[in-house]
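Every chain is numbered from 1, with letters handed out A, B, ... down the list of sequences.
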2 protein chains.
Amino acid sequence: MRDVAALAGVSHQTVSRVINHAPGVTAATREAVEAAIHQLGYRPHAIARSFAEGRTRTLGCVAPNLTDFTYASNMEGAESVLRRHGYDLLFASYHDRPFESVVETLVARRRIDGLIVISPYVDLPVSALPADFPLVLMGGCPREDVNHLVYLDNRDGARQATEHLLALGHTNIAQVTGPQQEDCVIERDAGYREALAAAGISRDPLLTLEGDWSATSGYEAFAAIPPEATAAVAQNDRMAVGLIRAARDGGLRVPDDLSVIGFDDMPLASYFDPPLTTMRQDTFAIGQTCAEQLIAALAGSAQDGRAVRLVSELVVRSSTGPPAQRR
Amino acid sequence: MRDVAALAGVSHQTVSRVINHAPGVTAATREAVEAAIHQLGYRPHAIARSFAEGRTRTLGCVAPNLTDFTYASNMEGAESVLRRHGYDLLFASYHDRPFESVVETLVARRRIDGLIVISPYVDLPVSALPADFPLVLMGGCPREDVNHLVYLDNRDGARQATEHLLALGHTNIAQVTGPQQEDCVIERDAGYREALAAAGISRDPLLTLEGDWSATSGYEAFAAIPPEATAAVAQNDRMAVGLIRAARDGGLRVPDDLSVIGFDDMPLASYFDPPLTTMRQDTFAIGQTCAEQLIAALAGSAQDGRAVRLVSELVVRSSTGPPAQRR
DNA sequence: CTGAAAGCGCTAACAC
DNA sequence: GTGTTAGCGCTTTCAG
């Protein structure tokens, strides 16, 4: 920068003005400086700038992992908008370490200006963050303890899924859940119950099985599903796929003997056999929304925060259908 | 830091020594400083440190996108080892902007100390980077123009896949490729040809169809496959799945009328119908290896660089089998 | 073993 | 419109 200033015959401050597109520079000076910059191949030092400015122009994004398509897609959506706003994106996963340590590294040491947390866990210690730190939480239900929230209405989604099965004529509807302490599991379970209750069906606890989101757990859950069930709502597509496989291995036809609906509309959901009926969520858009919220929070607008509610949409394919005669 | 020094009754320099675990501090002083740090809740300012040190302790990772499981998994593997070494990970995708702009933002402005580039493109302009910048390229074939390279031997993988079909007795083996300018496509095509040549089979250009990695493109490719083909190697699993769907829609049985082998062993590959025979690559380990290489490069060891070759492994499931009688 | 001084490259506040 | 002066919070170098 000093060299540029010398070459252009101005002070380093004028160079600073030029690279920051600050007003109050003659066109002539500006051109001279730009010529010098070009000639010297000068590039502003991002770290020095961050240091002087007191902000990093870098935002963090933490997710449980990346291999889950849902999270990866969220993050990609967020990246696309943050990048457009001139921010860099620091990524951290917290599957192998406590969330607090992420906060410690990224926030307490002031490496980032704001944070997007993708979390299916209701008990995430957001309190580990300074109260006024720009934070957007991507969660699975409404909550009061966080300023900026983007959430997928899981309760509504599960209700829709269950209603779809009810509308087809099913009355014995099983449920395969994720780990029961997770936020969205609780919500989806609530939606399932609400739909049953609204249909005047008393809920049989034996019809609910707990999995761990994996296809294998869906497969294993099948063995525990009472034979009178004619349909099942799986809380994600992987478990739905496992369940279908197990049902077929057990000699059942899908959907004739057992209808199965999933959740997520993962890639290739339509390429399974039978093509999966599922609840679609636009994960890319969710990520984008989170990023927009964060940008707004950083700009100081939306000071009070607001919760953005997103809903999932039923996609009917061929893994659900009316119940067949008694099997 | 000044406050900590004052409270502990030492200079800020001693505080610096303590937080950096530098030698030459009395146990007593150290304890006093640590007490002060704890009491004040002091955290070193990462940016100030980076600025003073002249390095950022942040590494970059660029990939075409995140939603492709392969890349996401690479990146997650890389993150796990970088994190362990105290580095942060800056992520950037380049599906919507030139690679050079990534270099500009991250490297030229010195936001990162090193870079992992996940690239299926042979023509990636690594020359945009300063020659001595710590770089690890995750590619699809050996190449000379880069110091640190981790590559999956795609030629070998495609050869294995094709040999598997040959061993089953197929002689008319079609191929569905990705976009033909991509690195790994060229390599996989070469492996396919090599296997055919070794079996004394002359290659029929009509048997090779170009797709775009999507399941849809695999589906569409089917229409162009000559009816005498009894088997096909798809260059990824998604296209394999699309191809299988199309074959069945066309009244063929898989694998009896058409054997299909994929590439990647993507999640749930075994849950498709039929379970997919494919070439497995350990994408998480590949990412880890890239990170280790980068760490080594930063440490100055491995100065001359070396190429790490990884191979994929045949996973036989049920989408391949011996050819049936003439269909 | 500890302290003092200098400086990393930039922006912000004010003076000219 | 442009230059001058500080100073961001730390590490490095060198004295004591």
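Aromatic ring orientation, A:Y94 versus A:F99: perpendicular (interplanar angle above 60°, classes split at 30° and 60°).
Residues B:I295 and B:L82 are in side-chain contact: their nearest non-hydrogen atoms beyond the backbone lie under 4.5 Å apart. The shortest side-chain heavy-atom distance between A:F133 and A:V103 does not fall under the 4.5 Å cut-off.
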When you look at B:D113 and B:T56, which way does the side chain to side chain donor-acceptor pair (under 3.5 Å) test go after all the steps? CA-CA 6 Å; B:D113 296 338; B:T56 62; 3.0 Å; yes

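Phosphate contact (OP1/OP2 of D:dG1, side-chain N/O of A:T26, threshold under 4.0 Å): absent. The side chain of B:S16 contributes no N or O atom lying less than 4.0 Å from OP1 or OP2 of D:dC10. Look at B:T29 and you won't find any side-chain N or O under 4.0 angstrom from OP1 or OP2 of C:dC1. Distances shorter than 4.0 Å separate some side-chain N or O of A:T14 from OP1 or OP2 on D:dG3. Distances shorter than 4.0 Å separate some side-chain N or O of B:R49 from OP1 or OP2 on D:dT11.
B:R55 has its CZ atom 16 Å from the P atom of C:dG9, to the nearest Å. Between the CZ atom of B:R57 and the C1' atom of D:dG9 there is a distance of 15 Å, given to the nearest Å. The interatomic distance linking B:I19 (CD1) with C:dT2 (C1') rounds to 16 Å, in whole Å. Put simply, CG on A:D3 is 10 Å from P on C:dC10, counting in whole angstrom units. With rounding to whole Å, B:R110 atom CZ is found 8 Å from C:dC10 atom P. Whole-Å rounding puts the B:E53 CD to C:dA6 C1' distance at 17 Å. Here D:dA15 presents its P atom at 15 Å from CD of B:Q13, a figure rounded to the nearest Å. For B:H45 and D:dC8, the NE2 to P distance is 12 Å, given to the nearest whole Å.
Between B:R17 and B:P44, the residue whose closest nucleotide on DNA chain D is further toward the 5' end is B:P44. For the pair A:A52 and A:V25, both in contact range of DNA chain D, the more 5′-proximal nearest nucleotide belongs to A:V25. In terms of position along DNA chain C, the nucleotide closest to B:R30 lies nearer the 5' end than the nucleotide closest to the other residue of the pair B:R30 and A:R43.
When heavy atoms are screened at a 4.0 angstrom cut-off, B:G24 is found touching base atoms of the nucleic acid. Within the 4.0 angstrom heavy-atom criterion, no nucleotide atom of any strand lies near A:R2.
Under 3.5 Å, the side chains of A:S93 and B:E76 contain no donor-acceptor pair of N or O atoms.
Side chain of A:N20, nearest nucleotide from C:dT11, D:dC10, D:dG3: C:dT11.
B:P179 and B:D212 make their closest contact through CD-CA, 3.9 Å (heavy atoms, listed as atom of the first residue, atom of the second, distance).
Below the 3.5 angstrom threshold, one finds a donor paired with an acceptor across the side chain of B:H12 and the base of D:dT11.
No aromatic stack links A:F51 and the base of C:dC10, using centre distance under 5.5 Å and interplanar angle under 30°.
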